[in-house]
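Keep in mind that the numbers below use all heavy atoms, side chains included, and drop hydrogens, waters and symmetry copies.
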Amino acid sequence: MTDANAGRTVLSEESRAQVLNAEVARYAQDGWTVQAVSSGQAVLSKVRRMGWFWNTIGVLITAGFWLIYVIYRALNRKRDTLIITVDAYGQVRTQG
């Protein structure tokens, strides 16, 4: 059996932090917010978007009745959570 990490160098904590910060910055540009950052790991979250166009059409067609559903969805939006980890070799993994 061969080692998948053979020949690769182990990064220092500072190098791993730089890789993690660069990855977090890339996700932050896409609208993700940082919840927590620790050694080699970051937790990000993002509020799911609502389809306002079709909800507006639904409100107009149902004479406002659909607005009840729109208000409920706006108050109870779901959040997506993403966990980013950087291993000792600098490989970035996302989970979520």
Side-chain angles (χ1 to χ4, degrees):
M1 183 188 281
T2 61
D3 186 9
N5 295 320
R8 296 173 64 186
T9 58
V10 176
L11 296 178
S12 66
E13 288 294 323
E14 184 177 309
S15 297
R16 287 177 59 196
Q18 288 176 353
V19 171
L20 181 64
N21 288 338
E23 193 70 15
V24 168
R26 189 172 67 84
Y27 277 96
Q29 287 179 346
D30 291 336
W32 292 85
T33 57
V34 179
Q35 297 298 316
V37 177
S38 63
S39 175
Q41 181 175 333
V43 179
L44 307 173
S45 68
K46 186 176 187 179
V47 176
R48 287 191 184 174
R49 293 188 51 194
M50 288 183 60
W52 288 104
F53 177 76
W54 290 112
N55 283 319
T56 304
I57 298 298
V59 168
L60 295 174
I61 290 174
T62 62
F65 186 70
W66 189 255
L67 189 59
I68 296 169
Y69 173 76
V70 173
I71 291 171
Y72 172 77
R73 286 284 312 266
L75 294 176
N76 296 308
R77 285 200 202 169
K78 295 184 180 184
R79 299 184 75 83
D80 292 328
T81 303
L82 181 68
I83 300 171
I84 301 173
T85 57
V86 178
D87 66 6
Y89 301 101
Q91 185 174 1
V92 177
R93 290 193 172 101
T94 57
Q95 176 185 354

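How far CD of Gln91 is from OG1 of Thr85: 9.0 Å, rounded to the nearest 0.5 Å. For the atom pair Gln41 CD and Ser38 OG, the distance stands at 5.0 Å (nearest 0.5 Å). Put simply, NZ on Lys46 and OG1 on Thr81 are 12.5 Å apart, with the number rounded to the nearest 0.5 Å. Rounding to the nearest 0.5 Å places CG of Leu44 at 11.5 Å from CG of Asp80.
For the pair Thr56 (side chain) and Trp52 (backbone), a donor-acceptor distance under 3.5 Å is present. In this structure, Arg16 contributes its side chain and Val86 its backbone to a donor-acceptor pair below 3.5 Å.
Tyr27 approaches Thr94 most closely through the heavy-atom pair OH-CG2, 3.6 Å. The two residues Ala42 and Leu20 come nearest to each other via the heavy atoms CB-CD1, 4.1 Å.
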Please tabulate, one pair per line, all N/O donor-acceptor pairs under 3.5 Å involving side-chain atoms of residues 59-72, not counting sequence neighbours.
from  : atom 1 : to    : atom 2 : distance (Å)
Thr62 : OG1    : Gly58 : O      : 2.7
Thr62 : OG1    : Trp66 : N      : 3.0
Trp66 : NE1    : Asn55 : OD1    : 2.9
Tyr69 : OH     : Arg73 : NH1    : 2.9

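Hydrophobic cluster membership is shared by Val19 and Leu82, with clusters built from Ile, Leu, Val, Met, Phe, Trp and Tyr side chains linked at under 4.5 angstrom. In the hydrophobic clustering of this structure, Val92 groups with Val34; members are Ile, Leu, Val, Met, Phe, Trp, Tyr whose side-chain heavy atoms approach within less than 4.5 Å, directly or through other members.
Between the side chains of Ser45 and Arg79, a donor-acceptor pair is found at a separation under 3.5 Å. For the residue pair Glu13 / Ser39, a side-chain donor-acceptor distance below 3.5 Å is found, with atom types taken as modelled.
Cluster partners of Ile83 are Val43, counting Ile, Leu, Val, Met, Phe, Trp and Tyr whose side-chain heavy atoms approach within less than 4.5 Å, directly or via other members.
Heavy-atom contacts from other residues, nucleotides or ligands closer than 6.0 Å to CZ of Arg77 number more than 12.
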